[in-house]
Student: 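Take this structure, written in structure tokens, and hold onto it; I'll ask about it next.
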Protein chains: 2
Amino acid sequence: MADVARTAGVSVGTVSHVLNHPDRVREATRLRVLGAIDQLGFVRNSNASFLAAGENRTIGLIVIDIGNSLFVDIARGAQHRVGHETMSLLLANSDNDDALQDRHLDFFNSARLAGVLLAPMRDPHLALDRARRLGTAVVVLNYRSQHDDHCSVLIDNEEAGYLAGRHLIELGRRRLAFVGGRDELQPVHDRRTGVRRAVAESPGTTLVELATENLEAPDGDQAGEQIADQPAATRPDGVIAVTDLLGMAIIQAIGRHGLSVPGDVAVMGCDYNSNAWGGTIPLTSVRMRGQDMGRAGVDLLLEELSAGDDHEHRDVVLRPSLVARESTVGRSGT
Amino acid sequence: MADVARTAGVSVGTVSHVLNHPDRVREATRLRVLGAIDQLGFVRNSNASFLAAGENRTIGLIVIDIGNSLFVDIARGAQHRVGHETMSLLLANSDNDDALQDRHLDFFNSARLAGVLLAPMRDPHLALDRARRLGTAVVVLNYRSQHDDHCSVLIDNEEAGYLAGRHLIELGRRRLAFVGGRDELQPVHDRRTGVRRAVAESPGTTLVELATENLEAPDGDQAGEQIADQPAATRPDGVIAVTDLLGMAIIQAIGRHGLSVPGDVAVMGCDYNSNAWGGTIPLTSVRMRGQDMGRAGVDLLLEELSAGDDHEHRDVVLRPSLVARESTVGRSGT
DNA sequence: GGTGGATGTTGAAGCGCTTCAAAGGCGCAC
DNA sequence: GTGCGCCTTTGAAGCGCTTCAACATCCACC
């Protein structure tokens with residue numbers, strides 16, 4: 001920067017002003033400085049800049065698993081929203097690893113970012129305390145926490161389950177099955193609750209819950225076998241899988257038994273993963289609106305940053321929406 | 001940091017030593033300082049740290065599209081490799097946007113990162129010049145550049161095409177078809193070349209090339225129709241789609257026409273995307289080894305960083321491997 | 001008891017920038 | 001001609017840390 005100043009024949013203060021407050025500098029000087037910057041290939045050192053200015057224009061996003069399309073969507077949405085500001089978005093992938101998540105958070109903390117969007121794996125209460133003490137705003141994504149000392153963006157998973165249940169019931173299905181395991185995961189638990197509510201509301205419908213060990217394809221396969229093995233009279237005619245992957249595996253297992261989807265059994269998933277596009281029978285699912293989530297997260301963060309001390313934490317709850325396709329409504333669509 | 005020093009009753013220099021050269025500090029002092037750090041919740045400001053030390057322990061990774069499983073794998077591999085060092089990995093998603101890619105690169109440049117892994121969309125020659133002048137090492141991923149002033153990690157796409165061709169020929173297929181468009185994309189071009197070589201090597205085999213406009217599902221659907229419409233005598237009996245998505249769409253289209261896969265037509269993809277898992281007929285594909293790519297990239301970068309001036313740029317070329325599944329070999333497997 | 005070397009600790013200089021008080025330059029009104 | 005206020009520019013202080021030369025301490029050994 002001193003070089004630039006010398007080349008342009010001004011002081012370093014002026015160079016800094018050209019970069020940060022161009023309006024305070026005379027047009028001619030500004031151009032001269034810009035010329036020198038260009039000529040010398042100068043790139044301002046943001047470490048020094050942030051240190052001196054005491055404020056950082058960067059937002060960090062920590063996601064649980066970058067292989068999960070929900071988080072990809074969140075990243076896209078956040079990037080998009082940030083793009084219009086003079087800010088940057090940094091991505092960090094926890095890769096389902098608690099320790100790694102904490103390391104990312106520490107790293108962002110020590111970089112004194114303006115704010116962090118965190119999609120945590122467990123209640124991040126303690127970690128957040130630390131960030132806040134350093135003046136970093138944190139917005140929690142996709143996690144319903146016990147504490148209300150931060151803003152959150154949530155998806156109403158209970159509603160997702162409810163929508164799924166209603167959908168099948170409205171299609172005339174009466175013997176529903178919910179397939180999903182690991183109830184300690186919030187989304188699984190909430191979706192299950194929603195399905196129960198839909199069934200409870202509709203006299204004449206029944207619900208069977210099949211608990212799987214995990215949420216991988218083999219679990220769905222197994223569940224599908226179980227369903228297909230039952231006599232037609234008691235066999236579920238509408239199946240809600242807690243994830244799309246599970247749903248697709250169920251369809252395959254059922255298909256192997258000569259049953260038709262959705263003729264004999266309507267099957268639907270949840271999450272609207274891109275995986276679901278490839279199947280022979282397009283899977284009905286509930287779209288989780290990840291992009292909106294990313295956008296809303298950035299908005300909350302910017303709001304918190306500009307509000308200062310009189311900021312009131314709040315939650316934004318996004319409503320999922322149902323995407324009906326062949327696996328429940330057949331070829332015709334809608 | 002001054003607070004910590006005061007609390008622990010030492011000088012700031014000592015606190016710094018505890019953090020950076022613990023061996024130079026007496027055990028008792030170290031513990032006292034650590035205690036103070038803990039008590040005060042001190043987190044060192046990495047901006048100041050990097051500025052003073054003049055070196056940054058962070059690596060940036062810029063990928064074209066975080067929704068593409070190849071890049072997800074690259075990120076995982078890189079993260080994994082970096083994880084064991086006292087380094088951090090920052091992710092930036094270009095989202096298929098040239099301007100965004102440049103902005104990410106500028107950002108990393110101004111942060112004076114130790115190094116950058118770049119999966120570029122076009123020849124990044126100019127951008128790299130700038131980074132290098134600032135002392136940032138750059139390794140290019142997944143792009144065969146005209147220039148040799150940097151290290152690269154490449155996947156041999158020509159080999160991928162060749163492997164695919166050989167696979168079908170060895171299965172007894174004689175009338176091959178290659179489906180893929182946008183030949184200006186390096187991977188598409190190279191895979192096509194590889195398939196041609198495999199066919200040229202095998203007397204008695206023929207190759208039809210179907211150019212699609214894009215690489216989306218509808219393109220595959222159209223190509224599948226074209227293939228299925230031909231009389232059995234001239235119809236291709238082995239199809240290589242340049243991507244998995246294309247391959248799955250082709251299978252569906254062919255299936256609609258009552259032809260069997262792989263009985264009448266063997267179909268395979270390329271890329272080994274997770275999308276391929278969901279299909280009713282598991283797709284044979286060529287695995288692109290993204291994780292290895294990420295790992296190799298980090299290794300090259302570390303090598304370059306430690307070698308200093310006498311570093312010789314070099315390329316690492318990864319060999320893809322074929323994953324045979326039902327869409328070519330039928331139920332039995334292998 | 002004195003000496004030398006190893007081991008610990010200190011404090012100030014400096015990393016590259018921003019910012020602020022202060023000074024310089026200029027035009028305008030009186 | 002003088003004084004005032006505005007627009008520009010300057011230069012030094014300081015952001016929070018690392019590092020290095022210098023200094024303090026300790027111990028072994030003669």
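Each chain gets a letter, A, B and so on, in the order its sequence line appears, and its residues count up from 1. Side-chain atoms are counted along with the backbone in the values below, which use heavy atoms only and exclude waters and symmetry mates. Since the model is a prediction, treat every value here as computed from it, not as a measurement.
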Student: Considering all heavy atoms of both residues, which atom of L141(B) and which atom of M293(B) are nearest to each other, and what is their separation?
Tutor: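 Closest approach of L141(B) to M293(B), heavy atoms only: C-CE, 3.6 Å.
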Student: Hey, does the side chain of R26(A) come within less than 4.0 Å of dT9(D)'s phosphate (OP1/OP2), counting only N and O?
Tutor: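 For R26(A), the contact criterion (side-chain N or O under 4.0 Å from OP1 or OP2 of dT9(D)) is met.
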Student: Heavy-atom nearest nucleotide on DNA chain C for D23(B) versus L51(B): which residue maps closer to 5'?
Tutor: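 Whichever sits nearer the 5' end wins; that is D23(B).
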Student: Which heavy atom of A75(B) sits nearest a heavy atom of L89(B), and at what distance?
Tutor: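 Heavy-atom minimum between the residues: O-CD1, 4.3 Å.
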Student: Give a yes or no on whether a salt bridge exists between D292(A) and R81(A), defined as a side-chain N under 4.0 angstrom from a carboxylate O.
Tutor: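 Between R81(A) and D292(A) there is no salt bridge, as every charged N stays at least 4.0 Å from the carboxylate O atoms.
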Student: Main chain of D149(B), side chain of H313(B): is a donor-acceptor contact present, judged purely on distance under 3.5 Å?
Tutor: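 Yes; judged by distance alone, with no hydrogens or angles, the pair exists.
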Student: Quick check: closest heavy atoms across H147(B) and S145(B), and the distance to 0.1 Å?
Tutor: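 H147(B) and S145(B) have their closest heavy atoms at N-OG, 2.9 Å.
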Student: Show the nearest heavy-atom pair for residues A78(B) and L117(B), with the distance to one decimal.
Tutor: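 Taking A78(B) first and L117(B) second, the nearest heavy atoms are CB-CD1, 4.1 Å.
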Student: Specify the closest pair of heavy atoms between I64(A) and A119(A), including all atoms of both residues, with the distance to one decimal.
Tutor: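 Of all heavy-atom pairs spanning I64(A) and A119(A), the closest is CG1-O, 3.2 Å.
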Student: Under 4.0 Å, counting only non-hydrogen atoms across every strand here, what does V15(B) touch: a base, just sugar-phosphate, or nothing?
Tutor: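 The answer is nothing, as V15(B) stays clear of every strand by at least 4.0 Å.
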Student: When you check the side-chain N and O atoms of R44(B) and N20(B), is any donor under 3.5 Å from an acceptor?
Tutor: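 The answer is yes; a qualifying pair exists.
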Student: Nearest whole angstrom, please: distance from the C1' of dT9(D) to the CD of E27(A).
Tutor: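 Answer to the nearest Å: 16 Å.
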Student: Near DNA chain D, under 4.0 Å by heavy atom, which residues of residues 33-48 of chain A?
Tutor: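 Those residues: none at all.
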Student: Give me the first and last nucleotide of DNA chain C, going 5' to 3', that has any atom under 4.0 Å from a heavy atom of chain B.
Tutor: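 Range of nucleotides within reach of chain B: dG8(C) to dG16(C).
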Student: Could you report the tightest heavy-atom contact between A296(B) and V316(B), atom names first, then the distance?
Tutor: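 In this case the closest contact between A296(B) and V316(B) is CB-CG1, 4.4 Å.
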Student: With heavy atoms under 4.0 Å as the rule, sort G54(B) into base, sugar-phosphate or nothing.
Tutor: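 It contacts nothing in the nucleic acid.
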Student: Looking at E312(A), I want to see if its CD is surrounded by more than 12 non-hydrogen atoms of other residues, nucleotides or ligands under 6.0 Å.
Tutor: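 No, the 6.0 Å shell around CD holds no more than 12 heavy atoms from other groups.
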Student: Have a look at S16(B) and say if it touches a base, only the backbone sugar-phosphate, or nothing, with a 4.0 Å heavy-atom cut-off.
Tutor: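 Contact class for S16(B): base.
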Student: Rounded to 10°, tell me the angle between the two end axes of the helix from dG1(C)-dC30(D) to dC30(C)-dG1(D), each built from five pairs.
Tutor: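 Taking the rotation axis at each end, their angle is 50°.
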Student: Between R32(A) (CZ) and dT9(D) (C1'), how many Å, whole number?
Tutor: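 Taking CZ of R32(A) and C1' of dT9(D), I get 11 Å after rounding.
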Student: If you find the nucleotide of DNA chain C closest to R112(B) and the one closest to H17(B), which residue's nucleotide is nearer the 5' end?
Tutor: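 The 5'-side residue here is H17(B).
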Student: Keeping the roles fixed (side chain from Y143(A), backbone from D123(A)), state whether a donor-acceptor pair exists under 3.5 Å.
Tutor: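 Such a contact is found between Y143(A) side chain and D123(A) backbone.
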Student: Please report the distance, rounded to the nearest Å, between NE2 in H21(A) and C1' in dT9(D).
Tutor: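 Value for this atom pair: 14 Å.
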Student: At 4.0 Å (heavy atoms only), tell me whether T14(B) reaches a base, stays on the sugar-phosphate, or touches nothing.
Tutor: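 Base contact.
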